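Right, one structure below, let's go through it.
Keep in mind that what you see is a predicted model, and the values were worked out from it rather than measured. Note on naming: letters A, B, ... go to the chains in the order of the sequence lines (proteins, then strands), and numbering restarts at 1 for each one.
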Amino acid sequence: MAQDFEKQYNPADYEDAINKEWLDSGFFNPDNLKLPDDAPPYAIVLPPPNITDKLHVGHAMMIAIEDLLIRYKRMNGFCALWIPGTDHAAIATQNVVEKRLFKETGQTRHDLGREKFLAEVNKFATVTQKTILNQIKKMGASLDWSRLAFTLDEQRGKAVKKMFIEMYNDGVIYRGERVINWCPRCKSTLADDEVEYKEQTAKLYTFKYSKDFPIAISTTRPETKLGDTAVAVNPRDERYKKYIGSTFEVDFVGVPLKIKIIADIGVEMDFGTGALGVTPAHLMVDYQMSQKYDLEMIKVIGEDATINPGFGDYSGLKAAQAREKIVERLRESGLLEKEEEIANNLSQCYRCETPIEPIPSKQWFVDVDKKLKKLGDKSLKEISLEASKSGEIKFTPERFQGQYENWMNNLHDWCISRQIWYGHRIPAFYQIKDKKEKIKNWDLKIYGENIYQDLKNKSKTIETRAGRAKGDGKDWAEFKVGDLIDFSLVEDKTEKVIESGVKKKISGISHFSSIAEMLEKISLEKIYPGKTEADYRALMENNFKDRLEKFGIWAFELVGLDEQIVYVSENKPEGDGWIQDEDTLDTWFSSGMWTFSTLNWPDSVRPGRTSAGEARFVKTGDLAKYHPTAVLETGFEILTLWVSRMILMSYYALGEKPFSDVYLHGNILDEHGKKMSKSKGNGVDPLDVIAKYGTDALRLSLLIGSTPGNNARMSWEKIEAQRNFVNKLWNISRYILENKSPLSRGVDAEGGRGVSGGAGETGAEAWILDRCNNLIGEMKKDIEVFAFSQAGEKLIDFVWNDFADWYLEASKFEESENKKEILPYVLRTILKLAHPFMPFVTEAIWKKFNDSMLMVEKYPVVGTQDFAFLPKSGNFELIKDIVMAIRNARAENKVEPARKIEAVIYAGDKVEIVKQNEILIKSLKTGISDLKILEKGEKISGAIYAAVGEIEIYLLGAVDAEKEKVRLEKEIANLEKFVSALDKKLSNQEFVGKAPEKVVNIEKEKLAKAEAELAKLKEQLAEL
RNA sequence: GGACGGUUAGUUCAGCGGUUAGAAUGCCUCGUUUACACCGAGGAGGUCGUAGGUUCAAAUCCUACACCGUCCACCA
């Protein structure tokens, strides 16, 4: 570390050494602070940064704010714990690596295979993780590195599994269907934020399903209408009111449909025909509507974007071809009423721009509405809402409470499975049955003619006639998984025959009373090559009876229900044939547990009961001590994504809130007001800023001049300004610490011992101590309500304006024994107050005159007794006013600073006070060589005049009468304006009558003061 | 389409019922006094987006509108 007290503070000379000292001390870990047992705990979890990229200055703000809180609390005697970590950011990270892989080698993840691909991702993760942690450390963040966590590490994996299993066993997690975004080219699902919308023009077709259907609907995608099961209209729409509730059986271009007419207020009467064809399987909104109104779902389009089997001529066609064909058919039959061009948004894959097909698929969900015993018969949604409504959890700024509640209110079941590889693999296992084994769990696959022809050659095909297997002569019940039961030879292809066949086959195993029931209960999981589960499900489940004959169902295949035996557990169950679910969990599932998974949940709970006697477990160790954490500080954009999930999961796992306060900061935008993002490449690396201006300057610039929840622009000028402040503090300290005997020098030797007689205290000293004390209180108040910017501004204002510009200057000319103590005292106080804002310089300065470490010093408290003997308030404000008035008058009269002039002050009843401060008035850049202080006297013409309340000041010599006249006139004009405004206000009876007396009195005083000063100025002007 | 936020000095932003609306930066004038030119002293600069309303009192509360931004839903 540099030893000299350089003229300029060079952060690079100090920061690394100080950081090392901090780290070596071990005090970032509160266990090492050796605090008394009753020290209150205070914990913050660092919102784990995504490992997709290195940090930018937005993250630096997060660090600055949280470190401020932690350092502040630590100095205030709290057991302050700040837990570091990173987030694996599943989808985002996988995407980055996939893109890079493709760019560099032309390979996709499928080419590599799961294992090799994950190795690649991990390689990438390790590198960025290291970069990120290094950046955070550089910023001086006092995080407890011994508790470092990663959302995808072993301990967190344990927590995730435990949580999943517990939720599954409680019935909170379930498996269900949902419409997802599917890219037919990439053959994968897309997260909502991976869908891009592109403006385009599309043809909007308006038509009726059939001649006997009364309502026309509009669509840009007629092919999906093959899967319509309802038409929605607005309940207030007079045109359609009479149809609501009825069901129509229609023949839509050759495909039979059952259409129910439903009413939904979401339907706009003015758009199109005011009626909306509902396609549950292929539109998100329609899917939601189908859930709401319990509609049937018909799957029309498969994973390869062709029409599923079971739709006659259309089956196998590409969506676009089918559309043409359908439109053609509609046109021919005269059902097409209108064709128009409209502008709409095409959703497409962000990667390959292929249009997205929304298709239904099996996913894992968290049921947010299920009432849970352990939550007092409330659902997760209810308990999470209650948390904010009751004020258990507070939001800063408050407006985000509304946003949170609004989102919670509208929350649907949370889909937690993701079709990607990077992440926590879902701890669900499915058993593949041995094909030789007798069928216990089974399913059917159904085949149409085309596929049947392919299959026919395979040896497994067993032709069946009237429920009796041919070939090897086995009974139904003896079929094995994989056997194909051929119905082509069944003469009577009616439901009844098949039903009886099926019934026979399953006798003693499962029981269905009808095919309908069978279809309801079984699920067709296994995907036949080229076709998907969804395809077959579509065929099986929808209007089965009609289609069976219509499209020629040729065969069923018996399929072991391998995916039906679901076993949710931490480890693969014993026995052969178990495979784990291919999917991984939503990244927010693991980060949602962050407040307690970082505190070693579930290892940190053991069975037992609390004093309340209700709990199923007791918290131990860190979890008991620090959970719920104190405050969650993060960006407002992840309020719903992350914050709400943490609340939900904490209540579930621990029955308590994860934190008491939520503080949301805004984004740091670039210099042009654009959001910093990887793709734009406009992110600024905090390390670059630090290299140029130092960490403290960076931190200050991020803490000051911004308000919670609002975005702030990054500004180099602001950083530079803060760098200047850092340097100012450095130099203030340098002056105080290097000045061995800061004794009065006085401008005027004759002035002798200047101030305030023998007592030794001066007005300036009392004043600065009072100001300092005031600052301590103000900053405390601000910090505790998260008003960091205000606290910082007050600090700077005090240090620069009060302390440096006034007290320090005054101290140069005042002889006082006290100042040898007061100067260091105020400096120490400042360093402590400033430490959470600018830890490095303050520590560097502290080291110059202390052996201890500032980071763990006691924070100042209001009402220090150290200088209790000094008068509580001085008259220094008055002296300041006089000095400023003189400076101002001189400057306005263009009296060169070097020129000394004489002055006379008529101080009235303040004459003693002013006399006591004669030296200060002469010395503080007023350029006065000779000063007379009298109680009162004659007006002096030809002098520069200034008034401070009752006090009259005359500056003699060097007077430019013209300039003085102009100046006085200007001042008088200003005052007159002020006085007349006040006058008017006070003569307004309504104001005097209705406003609080206090306000009126203040105004009256103001008026009297202004009038007195105005009179004096006018007199003086007359003298000229 | 819905929700939220913003619109205040040349610029970046505070203030969000009651002293002549503040700060930083920039600008102008001046300045080598025992720390600091990354400094000191002084100054100019605002009808607080527009139009109404509530109030003794509005930048501040309400209502509309305009423009900018963010998030959500995506439109049959």
With rounding to the closest Å, how many angstrom separate the [atom1] atoms on [N] and [M]?
N	M	atom1	answer
B/G49	B/A21	P	15 Å
B/U60	B/C72	C1'	30 Å
B/U25	B/C16	C1'	24 Å
B/U32	B/A44	C1'	27 Å
B/G69	B/U29	P	38 Å
B/C30	B/A66	C1'	46 Å
B/C48	B/A9	C1'	10 Å
B/A24	B/A14	P	16 Å

Does A/Lys208 count as lying over the ring of A/Phe213, i.e. NZ or CZ under 6.0 Å from the six-ring centre, within 45 degrees of the axis? no
Between A/Lys225 and A/Phe207, is NZ or CZ placed under 6.0 angstrom from the six-membered ring centre and within 45° of the ring axis?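 Because its charged atom misses either the 6.0 Å distance or the 45° angle limit, A/Lys225 does not stack over A/Phe207.
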How does RNA chain B look in dot-bracket form if you count Watson-Crick and G-U pairs under 3.5 Å, write [ ] for pairs that cross, and put | where a base pairs with another strand? (((((((..((((....[...)))).(((((.......))))).....(((((..]....))))))))))))....
Atom [atom1] of [X] and atom [atom2] of [N]: how far apart are they, to the nearest Å?
X	N	atom1	atom2	result
A/Leu795	B/A23	CG	P	17 Å
A/Lys203	B/C75	NZ	C1'	20 Å
A/Leu982	B/A57	CG	C1'	13 Å
A/Lys794	B/G15	NZ	P	11 Å
A/Ile704	B/U25	CD1	P	12 Å
A/His672	B/G69	NE2	P	15 Å
A/Tyr287	B/C74	OH	C1'	19 Å
A/Glu1013	B/U20	CD	C1'	13 Å

Verify side-chain contact (heavy atoms from CB on, under 4.5 Å) between A/Asn710 and A/Phe636, making sure each step is shown before the conclusion. CA-CA 9 Å; A/Asn710 289 331; A/Phe636 64 74; over 6 Å; no
Do you know which two heavy atoms are closest between [X] and [Y], and how far apart they sit?
X	Y	answer
A/Gly58	A/Ile668	CA-CG1, 3.7 Å
A/Val689	A/Val684	CG2-CG1, 3.9 Å
A/Val948	A/Ala885	CG2-CB, 3.7 Å
A/Arg221	A/Pro358	NH1-CD, 4.1 Å

Testing B/A35, B/U20, B/U29 for proximity to the side chain of A/Lys894, the answer is B/U29
What parts of residues 273-283 of chain A reach RNA chain B, counting only heavy atoms under 4.0 Å away? A/Leu276, A/Leu283
Residue pairs fulfilling side chain to side chain donor-acceptor pair (under 3.5 Å) with at least one residue in residues 973-982 of chain A, sequence neighbours excluded: A/Glu976-A/Lys1018
For [X], report the nucleic acid contact type (base, sugar-phosphate, nothing); a contact means any heavy atom under 4.0 Å.
X	result
A/Thr220	sugar-phosphate
A/Leu204	sugar-phosphate
A/Ile732	base

Just checking A/Phe400 against A/Phe395, ring centres under 6.0 Å apart?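 When the ring centroids of A/Phe400 and A/Phe395 are compared, they turn out to be at least 6.0 Å apart.
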Measure from the ring center of A/Trp730 to the ring center of A/Tyr14 and say whether it is less than 6.0 Å.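 Yes, the ring of A/Trp730 comes within the 6.0 Å limit of the ring of A/Tyr14, centre to centre.
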Are the charged groups of A/Lys1009 and A/Glu1005 less than 4.0 angstrom apart, N to O?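 Salt bridge: no.
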Ion pair check, A/Glu892 and A/Arg967, cut-off under 4.0 Å: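 A salt bridge is absent here (no side-chain N lies under 4.0 Å from a carboxylate O).
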Which parts of nucleotides 36-43 of chain B does protein reach within less than 4.0 Å, heavy atoms only, written one letter per nucleotide 5' to 3' as B for base, S for sugar-phosphate only and - for none? BSBSSSSS
Across nucleotides 2-13 of chain B, 5' to 3', mark each nucleotide with B, S or - according to how protein heavy atoms within less than 4.0 Å reach it. --SS------SS
Residue whose nearest RNA chain B nucleotide is more 5′ - A/Leu808 or A/Asn974: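 So the residue in question is A/Asn974.
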Reading RNA chain B from 5' onward, which residue's closest nucleotide shows up sooner: A/Phe978 or A/Val895? A/Phe978
Any side-chain donor-acceptor pair under 3.5 Å between A/Asp228 and A/Tyr209? yes
Hey, is the main chain of A/Gln8 close enough, under 3.5 Å, to the side chain of A/Asn727 for a donor-acceptor pair?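 Pair absent, no side-chain N/O of A/Asn727 close to backbone of A/Gln8.
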Separation of A/Ile690 CD1 from A/Glu15 CD (nearest 0.5 Å): 6.5 Å
List for me each residue that meets side chain to side chain contact (heavy atoms under 4.5 Å, CB included) alongside A/Glu405, sequence neighbours excluded, and say none if there are none. A/Leu385, A/Ser388, A/Lys389, A/Gln401
